Amino acid sequence: MGFSCKVYDLCRRIPKGKVTTYKIIAGKLGTKAYRAVGNALHRNPCAPQVPCHRVVGSDGRLVGFAHGIKMKKALLQKEGIEIIGYKVAGMEKVLFRFRA
DNA sequence: CGCAGTCTAGCAC
DNA sequence: GTGCTAGACTGCG
């Protein structure tokens, strides 16, 4: 559970109104298995335990979500993030790279 | 547009 | 307890 634990920690670090990408998370974990990151989030914290909905694809695109892409989209919009279709609008502005 | 690479979690044996 | 499959991705061909 070390991997997933780290994933959760990073997700929890994401401030409201911000999003991150699987690539960044995986990179932070020192791995390249972006799939494993999404998988860990998909299997474990399907609940609002961690803001898994703040995690998007490499291009800010809303890829899969346990509760459905719609839910993810709605949640992100609620966070104040603008979503166009199934992608984050200006995701570069809301992209959190864990710089601190 | 399609295939391969990488890792974890879950299910099956 | 060990092994195999599937999966919320990404990059390259």
Side-chain angles (χ1 to χ4, degrees):
Chain A
M1 293 290 265
F3 184 82
S4 46
C5 187
K6 284 200 162 202
V7 175
Y8 304 156
D9 184 54
L10 288 170
C11 287
R12 268 182 264 178
R13 275 202 215 181
I14 306 170
K16 179 175 168 285
K18 291 281 184 101
V19 296
T20 195
T21 74
Y22 298 97
K23 186 175 182 159
I24 294 171
I25 293 176
K28 269 287 167 195
L29 296 182
T31 185
K32 296 145 206 124
Y34 317 115
R35 288 185 116 169
V37 179
N39 208 334
L41 289 170
H42 174 55
R43 302 290 189 174
N44 288 287
C46 18
Q49 189 174 127
V50 297
C52 42
H53 60 266
R54 285 182 195 159
V55 187
V56 298
S58 61
D59 235 2
R61 53 189 177 182
L62 306 189
V63 286
F65 191 57
H67 292 249
I69 304 297
K70 289 180 51 180
M71 194 66 187
K72 188 167 182 168
K73 180 179 171 183
L75 285 166
L76 288 171
Q77 285 178 136
K78 245 179 161 165
E79 297 284 297
I81 299 168
E82 188 180 353
I83 306 298
I84 298 177
Y86 285 106
K87 283 176 294 195
V88 178
M91 61 90 68
E92 298 235 338
K93 294 185 279 202
V94 296
L95 180 58
F96 187 70
R97 300 185 187 184
F98 303 99
R99 37 184 122 171

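Numbers restart at 1 for each chain; the letters A, B, ... are given by sequence-line order, proteins then strands. Predicted model only: the values in this text are computed from it and were never measured. Computed over heavy atoms, backbone and side chain alike; hydrogens, waters and symmetry mates excluded.
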Rounded to the Å, how far apart are A:Tyr8 OH and B:dT8 P? 13 Å
I'd like to know if the side chain of A:Asn44 and the backbone of A:Ala40 have a donor-acceptor N/O pair within less than 3.5 Å. yes
Measuring from the side chain of A:His42 (C-beta onward, heavy atoms only), which nucleotide among B:dT8, C:dA8, B:dT6 has the closest atom? C:dA8
Is there a Watson-Crick or G-U wobble partner for B:dT6 with both distances under 3.5 Å, and which nucleotide is it? none
Please determine if a side-chain N or O atom of A:Arg61 lies less than 4.0 Å away from the OP1 or OP2 oxygen of C:dT10. yes
Nearest whole angstrom, please: distance from the C1' of C:dC9 to the NZ of A:Lys28. 19 Å
Only one of A:Ile25, A:Val50, A:Leu62 forms a side-chain contact (heavy atoms from CB on, under 4.5 Å) with A:Val55, so which one is it? A:Ile25
A:Phe3 CZ - B:dC7 P separation (whole Å): 9 Å
Here the distance between atom P of C:dA6 and atom CG of A:Leu41, to the nearest Å, is 21 Å
Quick one: A:Lys32 NZ to C:dC9 P, roughly how many Å, whole number? 19 Å
How close or far is atom P of B:dA9 from atom CZ of A:Arg43, stated in whole angstroms? 11 Å
Choose from B:dC7, C:dC9, B:dT8 the nucleotide whose nearest atom is closest to any side-chain atom of A:Ala33. B:dC7
Say you draw a straight line from CE of A:Met91 to CG of A:Leu76; how long is it, rounded to the nearest 0.5 Å? 11.0 Å
Closer than 4.0 Å, any side-chain N/O of A:Ser4 to the OP1 or OP2 of B:dA9? yes
Nearest-nucleotide 5' precedence on DNA chain C, A:Val56 against A:Ala36: A:Ala36
A:His67 vs A:Phe65 aromatic rings, parallel, tilted or perpendicular, using cut-offs 30° and 60°? tilted
Closer than 4.0 Å, any side-chain N/O of A:Ser58 to the OP1 or OP2 of C:dT10? yes
Between A:Leu10 (CG) and C:dA8 (P), how many Å, whole number? 21 Å
Assert: residue with more 5' nearest nucleotide on DNA chain C, out of A:Lys23 and A:Ala40, is A:Ala40
Integer-rounded Å distance: B:dA9 P and A:Lys6 NZ: 13 Å
Can you measure from OG1 (A:Thr20) to CZ (A:Phe96) and round to the nearest 0.5 angstrom? 8.0 Å
Look at the side chain of A:Arg35 and the base of B:dG5, then say whether one donor and one acceptor between them are separated by less than 3.5 Å. yes
B:dC1 - base-pair partner by Watson-Crick or wobble geometry, distances under 3.5 Å: C:dG13
